[in-house]
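To start, the structure under review is shown below, and the notes come after it.
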Amino acid sequence: MPRTNPQKVSMIILSALILLIGCNTTEPVVKPVSIEDKSVESIVEMMTLAEKVGQMTQVDRRYLDDLDDISKYHLGSLLSGGGSTPDVNDPAVWADMVDEYQSIAKKSRLGIPLIYGIDAVHGHNNVIGATIVPHNIGLGATRNEDLVRQLGWLTAREVRATGINWTFAPCVANSRDERWGRAYESFGEDPALISAMGKAQVEGFQGADLSDPEAIAACTKHYIGDGAPTWSTGLGGMIDRGDAQLDESRLRALHLAPYIAAIEAGTATIMASYNSWNGEALHGHKYLLTDVLKGELGFEGFIVSDWAAIDSLAPDYKGSIIQSINAGLDMIMVPGQIPKSHSYKEFISLLTAAVNEGSIPMSRIDDAVTRILRIKEQMGLLNADYANDRSLLPTVGSEEHRAIARQAVAESIVMLENENNTLPLSKNATKIVLAGRGADNVGMQCGGWTISWQGGHGAITDGTSILQAVESAVSEATEVILSEDGSNSQGADAVIVVVGEDPYAEMHGDRRDLSLSQEDLAVINAVKQSGSPMILVLLSGRPMIITDILDSSDAFLAAWLPGTEGAGVADVLFGDHAPSGKLSVTWPTSMDQIPINDRDTNYNPLFPFGYGLSY
Ligand code: GLC
């Protein structure tokens, strides 16, 4: 009897033990169930409460304790909040990151892929190298729906290139008070204009078929009345997230039309608003969320909350969850940013308890999950072979996309003054000076929601500054000088002074005073002293107080926040595009006129809604 090799025996026993232990892990062995070709209703029927609650939970990727939580908690969605970017901010790295998340999501029992949301609100603006298009206040000035639809399409391609399939846009706020830090996210102050532009953007994002590899789901926001609050009703006595104090007929007349248009366009999702209406928080407002939006308007997609926006609805978090879900919210953005918010594990546990105790009826849960899965089905996410399409990566920041964005910049510019036909400038001028801190500053051109939440000055991403655009536009013989403080402007054929606002987002942009900074005023004064013709280009998210400045300038262009394609500004300066922009908001003479809007009684602004000169 040959001696058995004791070592071999122990190896066999060891491997058997490992196998046995492997089978007896505490985790139940997940036996995958195919949902291919199953109806949404039948999928909902087979789902456990844990799976349903998971689908209703959205977490910022930064705050996942463990990537495996994506499948362990059956998460329905992840998001990248402003600035929530991979360590290397490169389109291919984004795509790898999202693909990894999706591969983990598919490990859950039902393997339902994630709907991944991001604020692509003026291009794919979190991603370095992406095409950054004008913010909405400038798009409103173009009055060009086809162009806005095209911008939505190019944004969707760049977003899908990175594996992401949902944008928290369009913002269809009706910005009634220029002091609001989100005025630039609005298409303007006229409901018909906002409706037309919002509808076009939804169509651009979603295309004809949500399952198209180039389509992304839209999220029309923030429902409802985000632009209505006045000063001191908002966060910390400012405006943002304030109380919309108006009767229902005014609320409907000024703020509801864009949602009717977006629903007609098939918006997949709608985001609830932080603000309250006559003292009642929108995130807990059953009448507006369920009776009006889902009932009266027939919205069949799903409603997502804003960032931790349910947290303070009730004295305790569980109460807030119960109130918001019963009011009609279907997915909760539980960023998971501890300690400012609550963890997704706490949310899941409390929501589960609320359902088990009967505080939230299962019918409400099933309605929410059905809405979410219905959208995922339309997006093709329930197909077994769903995968991100890497072939779109070369479109990110492509020449084709940048050319469309450049045209949008040119069409968004509103010419407010042109004394003695100072404009257009000659490309054969002898000496052109660029002055002001915005002259060579792509970050200032882009404004907030660019690479980071608040944006920033300087070369924050690939783009063309106004200085670079002027240098490219003029003849070899023309001397172009950058003089940020405006000195050395003597004897110039033209001095282009580029000033305006520092980048900001949300409540960080709430301002009591919209005057230009002392630094900008000093540059303007220096150039005026030089006696050379002055063209003022304003980079701002809203009208600023310029009444006295017009006495100094010979020509004045409102360029809003044009994004990366500064060449569009040069196109107007040198006459390749005759100014065609029309104000999408009223331009006040002074701060004490604000708020001032089209159709106000005794309406006497510096420039009225719709104003704009041309050559
Ligand atoms: C922000 C904004 C909202 C954005 C969301 C996710 O607070 O209010 O517009 O979509 O959080 O970043």
Side-chain angles (χ1 to χ4, degrees), residues 57-63 77-85 114-127 135-137 155 159 164-175 180-187 198 201-202 205 216-229 234-236 238-242 244 255 258-259 262 267-276 281-283 302-312 324 329 331-337 340-342 344 447-455 504-510 541:
T57 307
Q58 179 185 60
V59 183
D60 185 302
R61 49 160 287 279
R62 279 174 287 193
Y63 307 121
S77 179
L78 294 179
L79 83 141
S80 279
S84 177
T85 63
L114 298 159
I115 180 171
Y116 192 112
I118 196 165
D119 296 278
V121 295
H122 64 135
H124 196 5
N125 40 261
N126 280 288
V127 176
H135 270 296
N136 287 352
I137 192 167
T155 300
V159 168
I164 296 170
N165 48 29
W166 184 21
T167 179
F168 301 128
C171 175
V172 293
N174 184 338
S175 170
W180 185 38
R182 306 195 75 165
Y184 65 77
E185 296 186 62
S186 158
F187 290 108
Q201 208 168 74
V202 168
F205 290 145
I216 56 176
C219 184
T220 304
K221 73 184 186 182
H222 311 79
Y223 180 84
I224 184 173
D226 47 354
L235 198 69
M238 301 174 84
I239 285 189
D240 194 29
R241 309 183 185 188
H255 303 278
Y259 290 93
T267 184
T269 70
I270 286 175
M271 184 182 290
S273 187
Y274 279 115
N275 63 274
S276 49
L282 249 295
H283 274 75
F302 69 84
I303 306 174
V304 64
S305 81
D306 204 333
W307 183 279
I310 70 167
D311 291 11
S312 52
S324 61
L329 282 177
M331 182 181 283
I332 305 298
M333 190 184 295
V334 188
Q337 186 183 12
K340 289 182 212 159
S341 177
H342 297 270
Y344 53 97
W449 292 106
T450 313
I451 311 307
S452 66
W453 180 37
Q454 295 297 313
Y504 55 80
E506 302 194 54
M507 72 294 285
H508 297 284
D510 284 356

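Just so you know, ligand 1 is whichever comes first in the structure, and atom 1 is the first atom listed for that ligand.
Side-chain atoms of Tyr504 never come within 3.5 Å of backbone atoms of Asp510 as a donor-acceptor pair (strictly under, hydrogens ignored). Checking side-chain atoms of Ser305 against main-chain N and O of Met333 turns up a donor-acceptor pair under 3.5 Å.
Under the rule for a salt bridge (Lys or Arg N to Asp or Glu O under 4.0 Å), the partners of Asp119 that lie at least two apart in sequence or sit in another chain are Lys221. Legend: residues meeting side chain to side chain contact (heavy atoms under 4.5 Å, CB included) with Ala183, ordered by chain and number and at least two apart, are Ser175, Arg542. Every salt bridge (Lys or Arg N to Asp or Glu O under 4.0 Å) that Asp60 has, sequence neighbours left out, goes to Arg62.
Sorted by chain then number, the residues whose non-hydrogen atoms approach ligand 1 to under 4.0 Å are Gly81, Asp119, Phe168, Arg182, Lys221, His222, Arg241, Met271, Tyr274, Asp306, Trp307, Met333, Trp449, Glu506.
Between His122 and His135, the angle of the ring planes stays under 30°, which puts this pair in the parallel group of the 30/60° scheme.
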